[in-house]
Amino acid sequence: MPRKAGPIVKRPISNVKKVLAVASGKGGVGKSTIALNLAFALALLKSPNTSSRLRVGILDLDVFGPSIPTLMGLRNVGEPGLTESGAIIPLTNHGLPCMSMGFLLPSIAGEDNTDTPIVWRGLMVQKAVQQLLFDVDWTMNGMIDMPPGTGDYVGAVIVSTPQDVALSDVRKGISMFRKVSVPITGLILNQSHYLCPTCTSPEPQYLFGKPDKFRATAHRLDVPILGELPLVQGVSTSADGGWPFVLGGGTEAEKNGEGGRQWKEAMSTAAESVCASLGLH
């Protein structure tokens, strides 16, 4: 007979006022890249009360496949330091602090630890998640939380692509969050269409299907659409290069044409909507 367990006791995360989960029901839809760029888009906003920029951090709770070290340009930088009280100090790049399981993994034979496998199960995973949530010194920083673990969230952003198989998992993910009383801040459609960057008047090409079903799903579930992001080569290039696409400009922006402009504009709009939803405006 399984033992009866009581309700999960909610614990606050020290020095964090708002927690936003960026998630999906399916892997490979780009939620890590979107979480990264959304965090920076939020960090570029200013508080109307203080006129200072919002303080934002990123916590990567993907224990088995952490990607924030690569996306933030922080691969193989060594283990993070500790405060006098033993709390983990987040690593910072591009002016934004972050923490990930990837910073705590040992390397194999002195090589890159990106390929170090994690074969933990059950309590070991739970302990790792709790350490990342509660033993990190987020002093003076907010947090964008990626794949959801334990904790008290004030909102969730669900990422999808246009395919039916992704939308099916989105519906399940929304149902899961609602069952645990986490409000759905909105949906983001990734790779919604493609715009030729060298064409004079590019027409949208729906490589993975038109967004009609995505929009119908959002309407039926009464969830706002935060943005529809086109497929842009520069987004992949920036992710592999370790910097957020929203910070790019100059010749890099010109190479990505209208699609790159739309991508940044949609991400900025999504950040504004998230900010308003979380009560930061």
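In this structure, Pro224 and Thr185 have side chains that are not in contact, with every pair of non-hydrogen atoms separated by 4.5 Å or more. Between Leu132 and Leu59 the shortest side-chain heavy-atom distance falls below 4.5 Å. Met267 is listed as a side-chain neighbour of Ile34, based on a closest heavy-atom distance under 4.5 Å. With contacts defined as side-chain heavy-atom distances shorter than 4.5 Å, the pair Cys98/Phe103 qualifies.
The side-chain contact (heavy atoms from CB on, under 4.5 Å) search around Gln191 returns Thr161, Phe208, Leu231, not counting sequence neighbours. By the side-chain hydrogen bond (donor to acceptor under 3.5 Å, both in side chains) test, Glu258 pairs with Arg261, Gln262, sequence neighbours left out. When the side-chain hydrogen bond (donor to acceptor under 3.5 Å, both in side chains) test is applied to Ser168, no partner is found at least two apart in sequence or on another chain.
Taking CG from Leu36 and CG from Leu71, the interatomic distance works out to 5.5 Å, rounded to the nearest 0.5 Å. If you take CG on Asp137 and CE on Met99, they are separated by 10.0 Å, rounding to the nearest 0.5 Å. The CG atom of Leu44 lies 5.5 Å from the CZ atom of Arg53; values are rounded to the nearest 0.5 Å. Rounding to the nearest 0.5 angstrom, the gap separating the OG1 atom in Thr217 from the CG atom in Leu187 is 8.5 Å. Summarising the geometry, atom OG belonging to Ser14 is positioned 11.0 Å from atom CG belonging to Leu133; distances are rounded to the nearest 0.5 Å. A distance of 12.5 Å separates CG in Leu167 from CD1 in Ile158, rounded to the nearest 0.5 Å.
Nearest heavy atom pair, residue Pro202 against residue Leu195, reads O-CD2, 3.9 Å. In this structure, Ala41 and Ala271 approach most closely via the heavy-atom pair CB-CB, 3.6 Å. Nearest approach of Gly260 to Val232, heavy atoms of both residues: N-CG2, 3.9 Å. Nearest approach of Phe245 to Asn37, heavy atoms of both residues: N-OD1, 2.8 Å. A pairwise comparison of heavy atoms in Trp138 and Ile58 identifies CH2-O, 3.4 Å as the closest pair. Across Trp263 and Pro230, no two heavy atoms sit closer than the pair CD1-O, 3.1 Å.
Judged by distance alone, the side chain of Thr269 and the main-chain N or O of Glu265 form a donor-acceptor pair under 3.5 Å. At least one donor-acceptor pair closer than 3.5 Å links the side chain of Lys264 to the backbone N or O of Gly248. Thr237 places a side-chain N or O within 3.5 Å of a backbone atom of Gln233 that can act as its donor or acceptor partner. Side-chain atoms of Lys31 never come within 3.5 Å of backbone atoms of Ser24 as a donor-acceptor pair (strictly under, hydrogens ignored). A side-chain donor-acceptor contact under 3.5 Å links Asn190 to the backbone of Val29.
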Residues 88-97, side-chain donor-acceptor partners within the protein, below 3.5 Å, at least two apart:
unit_1 : atom_1 : unit_2 : atom_2 : d
Asn93  : ND2    : Met72  : O      : 2.7
His94  : NE2    : Gly242 : O      : 2.8

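Under the 4.5 Å side-chain heavy-atom criterion for Ile, Leu, Val, Met, Phe, Trp and Tyr, Leu82 and Ile13 are members of the same hydrophobic cluster. Taking hydrophobic clusters as Ile, Leu, Val, Met, Phe, Trp and Tyr residues chained together by side-chain heavy-atom distances below 4.5 Å, Phe40 does not share a cluster with Trp243. The hydrophobic cluster containing Phe134 also contains Val154, counting ILVMFWY residues as joined when their side-chain heavy atoms lie under 4.5 angstrom apart, directly or transitively. Connection of Tyr194 to Leu229 is not established within any shared hydrophobic cluster, with ILVMFWY side chains joined at heavy-atom distances below 4.5 Å, either directly or through further cluster members. Residue Val77 is grouped with residue Val136 when hydrophobic side chains (ILVMFWY) are merged at heavy-atom distances under 4.5 angstrom, including chains of intermediate members.
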Could you walk me through whether Asp60 and Met101 pass the side chain to side chain contact (heavy atoms under 4.5 Å, CB included) test, one step at a time?
CA-CA 7 Å; Asp60 181 0; Met101 188 67 202; over 6 Å; no

Could you go step by step and tell me if Leu189 and Ile225 meet the side chain to side chain contact (heavy atoms under 4.5 Å, CB included) rule?
CA-CA 8 Å; Leu189 180 63; Ile225 295 175; 5.8 Å; no

Full working for side chain to side chain contact (heavy atoms under 4.5 Å, CB included) between Cys275 and Leu54
CA-CA 10 Å; Cys275 201; Leu54 298 178; 3.6 Å; yes

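Judged as a salt bridge (Lys or Arg N to Asp or Glu O under 4.0 Å), the pairs with a partner in residues 217-243 (not counting sequence neighbours) are, in order, Arg215-Glu228. Contacts classified as salt bridge (Lys or Arg N to Asp or Glu O under 4.0 Å) and involving residues 124-134 (residues at least two apart or in different chains) are not found.
Of the options Ser192, Pro162, Ser160, a side chain to side chain contact (heavy atoms under 4.5 Å, CB included) to Phe214 is made by Ser160 and by none of the others.
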